[in-house]
Amino acid sequence: MNRREFILAGSAMFAAGLSPKLFAASPTATHSQTGAQTLALDQTQAPLKVLALVFDDYETLDLHGPIEMLGHLPSVEITLIGPQPTVRSYQGPRVVADRLLDAVVECDLLLIPGGMGARKLVDDTRLLDWLKRQAKVSNKIFSVCTGAALLAKADLLDGVSATTNKMAYSWVTGLNDKVIWQPSARWVDDGRFLTSSGVSAGIDAALFFIAQTYGEAQARKIETLTEYQWNSDADKDPYAVIS
């Protein structure tokens, strides 16, 4: 039994003693279903294919927070793609890219983290060109923090409602005035684009995506597994920009 199977087995036993509302179906989820239905689908659904961009000086939690949540789905494939084989986060730890730019990979979810490295990449024509091509084969595009700056500079967010790290709000929003920037939002979901506020907000947005795609019961189960207190209200933004 691997780690995920162990945790999922343990969560099933734990869930039996929890409040029934933990496994209540979400009325707004893309696939509304009961907890029992969700568990049945877990065993048959095709893997969720996640492609995550990595680059030097990415913000560690921007990437690993959402991946922690998405990685607890029963069927998921997570691939890292970057400009070189080994990539260093802003905090120092390194990751190994599975694929290298300029490969274009069909995926269900494209994850774009932010961080100090994003400030350099907004002027990187190679990266922006790749992002435009990759967006065409990505069903959903999810940016965390200043990852929205890369999408904005690539003109992918034109006419889209979006948000970003509120500490860097002026800089990011100044890159593209065609985006409908939201100064008060923990995350914003606008069709193919899901954008979150800074750093830890990506975890909340990832759980929202899971609830939207697999039902709230699945998101609540992962919330319990990770002992994380999910801010499930996108309008509850303690770091909102006040004009």
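Residue numbers run from 1 in the order of the sequence given. Nothing here was measured: the structure is a model prediction, and the numbers come from that model.
- Annotation: the span from Gln218 atom CD to Glu223 atom CD amounts to 12.5 Å, rounded to 0.5 Å.
- A 4.5 Å side-chain heavy-atom check between Val137 and Val105 finds every atom pair outside the cut-off.
- Hydrophobic clustering places Phe208 together with Leu73 (ILVMFWY residues linked when any side-chain heavy atoms are closer than 4.5 Å, directly or through intermediates).
- Val188 and Leu111 are members of different hydrophobic clusters when ILVMFWY side chains are connected at heavy-atom separations under 4.5 Å.
- Remark: the backbone N or O of Gly92 is paired with a side-chain donor or acceptor of Ser89 at under 3.5 angstrom.
- The nearest pair of heavy atoms linking Asp158 to Val179 is N-CG2, 4.5 Å.
- Using a cut-off of 4.0 Å between Lys/Arg side-chain N and Asp/Glu carboxylate O, Asp124 and Lys120 are scored as not salt-bridged.
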- Item | Pair Leu121-Lys153, side-chain contact (heavy atoms from CB on, under 4.5 Å): steps then yes or no | CA-CA 9 Å; Leu121 290 179; Lys153 197 66 186 292; over 6 Å; no
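- Of all the heavy atoms in Ala148 and Val172, the pair that sits closest is C-CG1, 4.4 Å.
- Checked by atom type and distance alone, the side chain of Thr79 never pairs as donor or acceptor with a backbone atom of Leu51 at under 3.5 Å.
- Within the 3.5 Å criterion, the main-chain N or O of Asn231 finds a donor-acceptor partner in the side chain of Asp204.
- Remark: Tyr228 OH is packed, more than 12 non-hydrogen atoms of other residues, nucleotides or ligands lying under 6.0 Å away.
- Placement of Met167 and Ile203 in two distinct hydrophobic clusters is found when ILVMFWY residues are connected by side-chain heavy-atom separations under 4.5 Å, directly or transitively.
- Arg88 contributes no side-chain N or O that, together with a main-chain N or O of Phe55, makes up a donor-acceptor pair within less than 3.5 Å.
- Contact of the Phe142 side chain with the Phe209 side chain is not registered, since no non-hydrogen atoms from C-beta on lie closer than 4.5 Å.
- Not a single donor-acceptor pair under 3.5 Å links the side chain of Asn165 to the backbone N or O of Cys145.
- Shortest non-hydrogen contact noted between Lys166 and Ser197 is NZ-OG, 3.0 Å.
- Between Arg186 and Asp233 no salt bridge is recorded (no basic side-chain N to carboxylate O distance below 4.0 Å).
- Using a 4.0 Å cut-off between a side-chain N of Lys or Arg and a carboxylate O of Asp or Glu, Asp155 and Lys178 do not qualify as a salt bridge.
- Side chains of Ile81 and Leu100 form no contact here, defined as non-hydrogen atoms less than 4.5 Å apart.
- By the criterion of side-chain heavy atoms lying less than 4.5 angstrom apart, applied directly or through intervening Ile, Leu, Val, Met, Phe, Trp or Tyr residues, Trp171 is not grouped with Ile180; the two fall into different hydrophobic clusters.
- Taking both residues in full, the closest heavy atoms of Leu80 and Val96 are given as CD1-O, 3.8 Å, listed atom of the first, atom of the second, then distance.
- With contacts defined as side-chain heavy-atom distances shorter than 4.5 Å, the pair Ser232/Arg220 qualifies.
- Glu68 and His64 form no side-chain donor-acceptor contact under 3.5 Å, judged by distance and modelled atom types alone.
- Counting non-hydrogen atoms of other residues, nucleotides and ligands closer than 6.0 Å to CD of Glu106 gives a total of 12 or fewer.
- In summary, Asp189 and Lys140 engage in a salt bridge, as defined by a charged side-chain N under 4.0 Å from a carboxylate O.
- When atom types are taken as modelled, the side chain of Glu59 and the backbone of Pro113 share no donor-acceptor pair closer than 3.5 angstrom.
- Distance CD1/Ile67 to CG/Leu63: 4.0 Å, rounded to 0.5 Å.
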- Task: Applying side-chain contact (heavy atoms from CB on, under 4.5 Å), run through Tyr214 and Leu48 and close with a yes or a no.
- Result: CA-CA 11 Å; Tyr214 297 95; Leu48 177 76; 3.3 Å; yes
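- Under a 3.5 Å cut-off, the side chain of Asp56 and the backbone N or O of Val87 do not form any donor-acceptor pair.
- Atom CG of Asn139 is separated from atom CG of Leu110 by 10.5 Å, given to the nearest 0.5 angstrom.
- In this structure, CD on Glu216 lies 10.5 Å from CG on Leu207, to the nearest 0.5 angstrom.
- Under a 3.5 Å cut-off, the side chain of Thr163 and the backbone N or O of Gln182 do form a donor-acceptor pair.
- Distance check: Leu151 CG to Leu156 CG gives 6.0 Å after rounding to the nearest 0.5 Å.
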- Task: Starting from the C-alpha separation in whole Å, work towards a yes-or-no answer on side-chain contact (heavy atoms from CB on, under 4.5 Å) for Thr226 and Met69.
- Result: CA-CA 8 Å; Thr226 56; Met69 301 299 141; 3.6 Å; yes
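- Judged purely by atom type and a 3.5 angstrom limit, Trp130 uses its side chain to pair as donor or acceptor with the backbone of Ala103.
- One finds the CG atom of Asp62 at 11.5 Å from the CG atom of Leu53 (value rounded to the nearest 0.5 Å).
- Among all heavy-atom pairs drawn from Leu131 and Leu150, the shortest one is CD2-O, 3.7 Å.
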- Intermediate values then yes/no, side-chain contact (heavy atoms from CB on, under 4.5 Å), Asp102 and Arg133: CA-CA 9 Å; Asp102 302 286; Arg133 291 185 291 112; 3.5 Å; yes
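- Aromatic ring orientation, Tyr169 versus Trp181: perpendicular (interplanar angle above 60°, classes split at 30° and 60°).
- Inter-residue side-chain proximity for Pro47 and Val76 is flagged as unmet; no heavy-atom pair is nearer than 4.5 Å.
- In the hydrophobic cluster analysis, where Ile, Leu, Val, Met, Phe, Trp and Tyr join through side-chain heavy atoms closer than 4.5 angstrom, Val144 is grouped together with Ile78.
- Contact check for Thr60 versus Tyr90: no side-chain heavy atoms found under the 4.5 Å cut-off.
- Proximity of Leu61 to Ser200: side-chain heavy atoms (C-beta onward) are separated by under 4.5 Å at one or more points.
- Under a cut-off of 6.0 angstrom, the local environment of CZ in Arg126 is crowded, with over 12 non-hydrogen atoms contributed by other residues, nucleotides or ligands.
- For the pair Tyr58 and Val95, the minimum side-chain heavy-atom distance is below 4.5 Å.
- Judged purely by atom type and a 3.5 angstrom limit, Glu77 has no side-chain atom pairing as donor or acceptor with the backbone of Lys49.
- The shortest heavy-atom contact between Ser184 and Ala240 is OG-CB, 3.5 Å.
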